[in-house]
Number of protein chains: 2
Amino acid sequence: MTVRIKDIAAKAGVSTGTVDRVIHKRGNVRADVQAKVEQVMSELGYRRNLIASALATNRKWKIACLIFDPSDSYWRQIKEGIDRAQEATAHYGVRIRHYFADRFGPDMFARHAASILEERPDAVLMAPSFLRESLDFIKSCNELDIPIVLINSEMEAPGALCYIGQNSYQSGQLAARLLHFGINQEATALLLNLEADTQNSQHLKDKECGFREYFTKNHDKEIKIVSENITNFDDPVQLCCIIGKLLNEYPDVAGLFVTNSRAFKVVGCLERLNRNDLLVVGFDLIPENLTYLRANKIDFLINQNPVMQGYLGIMNIVNHSLLDKEVVPLQYLPLDIVVTENCDYYEQNSYALPMVV
Amino acid sequence: MTVRIKDIAAKAGVSTGTVDRVIHKRGNVRADVQAKVEQVMSELGYRRNLIASALATNRKWKIACLIFDPSDSYWRQIKEGIDRAQEATAHYGVRIRHYFADRFGPDMFARHAASILEERPDAVLMAPSFLRESLDFIKSCNELDIPIVLINSEMEAPGALCYIGQNSYQSGQLAARLLHFGINQEATALLLNLEADTQNSQHLKDKECGFREYFTKNHDKEIKIVSENITNFDDPVQLCCIIGKLLNEYPDVAGLFVTNSRAFKVVGCLERLNRNDLLVVGFDLIPENLTYLRANKIDFLINQNPVMQGYLGIMNIVNHSLLDKEVVPLQYLPLDIVVTENCDYYEQNSYALPMVV
DNA sequence: AGGCACGTTGTGTGCGCACACAACAACAAA
DNA sequence: TTTGTTGTTGTGTGCGCACACAACGTGCCT
């Protein structure tokens with residue numbers, strides 16, 4: 001039933017060794033023999049048995065992962081996806097080494113990148129949050145012929161194998177649609193970037209762009225947009241002060257769009273200010289946000305599928321390096337709209353990944 | 001590095017054959033030897049190499065799938081998930097045989113069930129849409145020791161391995177939340193069951209129940225609910241007549257909830273009636289619905305993840321039968337909220353399943 | 001003619017495991 | 001004692017493939 005190398009060899013009148021050389025393009029096969037073997041292969045519809053292949057090669061694959069510290073619950077979820085993929089592919093000889101950068105600056109990131117280059121892994125998974133350092137690293141990987149997969153932050157990088165993550169522009173549009181849907185009268189929508197270094201965060205800019213563009217296209221309600229970058233968001237008192245001032249300045253604010261996972265910080269302020277009347281749209285199913293979502297103090301959360309990002313990141317490396325499969329260069333994950341009624345299912349998130357085969 | 005049977009045998013002072021007997025619980029091992037082997041196994045943290053195992057057994061697995069005719073695009077998506085899973089596990093010897101029932105009644109369904117029992121497959125995947133026939137079939141499978149996985153319609157069936165699909169009650173609640181969010185004034189919400197046999201459709205009842213209960217809990221807006229079963233929905237003229245009458249009778253209708261994938265039929269009528277002012281919530285990303293969603297004539301679609309249902313159905317059988325893994329009996333899939341801005345990502349749906357390993 | 005290099009082809013071994021079968025001991029029945 | 005039975009244990013083979021290595025033929029140079 002199943003076609004084996006042996007069958008091809010027999011039908012082509014050669015030995016299995018020759019078929020093997022053809023399959024793996026190892027050369028040293030006479031042109032006419034090669035043609036004959038290839039013909040028989042396609043005739044019989046040969047498909048390599050990956051099981052047997054993996055067993056026979058018995059090779060180890062070192063994958064280095066450069067992401068951020070999983071003390072942040074968003075990155076913990078990404079790491080979870082990576083670890084599940086590792087588990088699912090362990091018997092293919094996949095071994096993962098983690099490197100955690102911190103948010104305080106590119107130094108640690110660059111140092112880890114250097115360590116990885118010394119380690120000479122077979123592939124790299126990276127969240128390219130620091131633009132210049134990431135580009136340098138990708139270049140080095142290319143020179144060493146190390147395939148590299150990017151997650152979480154989209155960037156122009158021709159040397160990378162693929163990007164897996166969200167479409168930031170589109171997520172801004174989505175947030176706009178949700179606010180637009182819930183706001184009836186003419187009003188103001190507040191867009192808040194709670195980020196230390198907004199200049200370096202291209203994805204925040206993309207979100208804002210998508211958000212604004214939605215309202216220029218849909219002006220049946222005449223909603224005004226005010227955006228604000230807040231860099232010192234760690235001190236609640238200061239944050240309250242900033243937000244309070246904004247709400248005074250624009251008394252007709254009806255909705256808030258927080259462009260990253262820090263919506264809970266904003267809502268904390270709204271509680272202090274006794275403002276329960278505002279729509280809030282944010283990102284990411286981290287515990288702090290979920291608490292507010294369940295209490296109806298956040299209306300919508302957009303899920304970036306962090307677990308899936310990690311999982312698919314590794315799986316794409318496996319598909320590329322071990323299984324010789326074609327990899328899609330740009331893989332946008334769904335923008336899940338999460339409300340109280342469906343958050344449980346996204347939170348568990350266990351269903352999609354038991355595909356250990 | 002990796003612990004093999006050979007290593008365990010050496011450390012326990014027995015042969016690999018004995019270790020094999022312990023691992024597979026084949027018996028005929030002296031009690032003290034068995035204990036010793038088990039101790040060594042846990043000491044060394046032995047994990048069976050599934051790759052090698054699958055290769056060695058070289059067994060074929062026949063899986064029979066009893067679902068509905070894939071000429072319906074919803075069922076075509078379920079079939080797609082099944083086929084992808086088949087492809088991903090083909091080299092484990094998994095072979096799938098499809099049986100398609102039709103919606104006209106349980107006869108074909110029962111006949112297929114009988115054929116499957118004759119075929120004696122190793123496992124069965126079924127959408128138990130006809131209650132009595134399904135129960136009979138599950139009972140027969142149990143007697144023959146054939147594990148059976150249910151998808152799409154939840155039912156009380158202690159003999160089944162697991163259920164994978166939506167939580168209908170919860171999806172009703174979700175629909176209610178979405179309508180509630182978009183309706184501002186006091187108004188009426190219309191719940192429409194477009195189904196030939198509503199009596200036999202437990203999931204429709206569950207959806208209605210969840211829908212109504214949401215509004216009894218959230219009565220800040222005083223929304224009235226009117227529900228209607230429509231059995232002859234195939235004739236557009238007749239359907240228009242029914243819906244037009246309802247809208248006349250309840251002039252303050254602000255939103256519609258169509259409890260299955262037939263929202264497009266309702267919206268077709270609304271177009272004829274020149275009613276563009278109504279919110280519409282429906283189910284399933286079939287082409288007809290997507291067209292209306294993109295044209296902003298359907299506001300929200302709830303995705304039931306049909307591809308995933310099929311895929312996970314097979315994968316759970318593989319996990320259970322081939323890999324001896326524990327299977328979670330109740331696996332609710334996420335209730336994806338789909339709007340114009342994120343429908344592309346759900347429609348492609350290719351991302352989640354390339355996990356061919 | 002002898003020696004060597006090189007292109008081409010076939011053979012053998014092992015990956016880790018499952019399973020059939022052989023081997024052996026202990027004991028009971030004839 | 002012999003024979004058969006049963007419980008227990010070890011050995012050998014093959015799953016399909018990858019890869020090292022041996023073997024062979026050809027042509028070239030000395």
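Numbers restart at 1 for each chain; the letters A, B, ... are given by sequence-line order, proteins then strands. Side chains included, hydrogens not; waters and symmetry mates left out as well; all remaining heavy atoms used.
Where B:Leu55 and B:Thr18 each meet DNA chain D at their nearest nucleotide, the meeting point lying more 5' is that of B:Thr18. Of the two residues contacting DNA chain C, namely B:Ala54 and A:Gly13, the nearest-nucleotide position lying further toward the 5' end is that of A:Gly13. Mapping A:Arg21 and B:Thr16 onto DNA chain D by nearest heavy atom places B:Thr16 closer to the 5' end of the strand.
If you measure from atom CZ of A:Arg47 to atom C1' of D:dG16, you get 15 Å, rounded to the nearest angstrom. For A:Arg59 and C:dC15, the CZ to P distance is 18 Å, given to the nearest whole Å. The nearest whole Å value for the distance from the CD atom in A:Gln34 to the P atom in C:dG7 is 16 Å. One atom, CZ of A:Arg26, and another, C1' of C:dT9, lie 14 Å apart when rounded to the nearest Å. Rounding to whole angstrom units, CG of residue A:Asp32 and C1' of C:dG7 are separated by 13 Å. Distance B:Asn49 CG to D:dC15 P: 18 Å, rounded to the nearest Å. Put simply, NZ on B:Lys6 is 14 Å from P on D:dG12, counting in whole angstrom units. Atom-to-atom, CD1 of A:Ile5 to C1' of C:dT9 comes out at 15 Å; the value is rounded to the nearest Å.
In terms of phosphate contacts, A:Arg48 brings a side-chain nitrogen or oxygen within less than 4.0 Å of OP1 or OP2 of D:dA18. A close approach under 4.0 Å does not occur between any side-chain nitrogen or oxygen of B:Tyr46 and OP1 or OP2 of C:dG16. Considering only side-chain N and O atoms, A:His24 lies under 4.0 angstrom from the phosphate OP1 or OP2 of D:dA18. The side chain of B:Tyr92 contributes no N or O atom lying less than 4.0 Å from OP1 or OP2 of D:dG16. The phosphate of D:dC17 has neither OP1 nor OP2 within less than 4.0 Å of any side-chain N or O from A:Ser53. Between A:Arg30 and the phosphate of C:dT8, there is no side-chain N or O to OP1/OP2 separation shorter than 4.0 Å.
At a threshold of 4.0 angstrom between heavy atoms, the contacts of A:Asp20 include nucleobase atoms, whether or not backbone atoms are also involved. Contact annotation for A:Asn28: base contact, defined as any heavy-atom pair under 4.0 Å involving a base atom.
Distances were taken from every side-chain heavy atom of A:Val14 (C-beta onward) to each of C:dC15, C:dG10, D:dG16; the shortest belongs to C:dG10. Here the side chain of A:Ser15 is nearest to one of D:dG10, C:dT9, C:dC17, namely C:dT9. Counting only heavy atoms from C-beta on, A:Asn58 has its side chain closest to C:dG16 among C:dG16, C:dT9, D:dC17.
Contact check for B:Asn316 versus B:Gln331: side-chain heavy atoms found under the 4.5 Å cut-off. Considering only heavy atoms from C-beta on, B:Glu38 comes within 4.5 Å of B:Val22 through its side chain.
Contact check on A:Asp7 versus A:Arg4 returns a salt bridge, with a Lys/Arg side-chain nitrogen under 4.0 Å from an Asp/Glu carboxylate oxygen.
Taken from CG in B:Asp20 to CD1 in B:Ile8, the straight-line distance is 11.0 Å, to the nearest 0.5 Å. The distance from atom CD1 of B:Ile96 to atom CD1 of B:Ile82, rounded to the nearest 0.5 Å, is 6.5 Å. We find the OG1-CD1 distance between B:Thr89 and A:Ile51 to be 10.0 Å, quoted to the nearest 0.5 Å.
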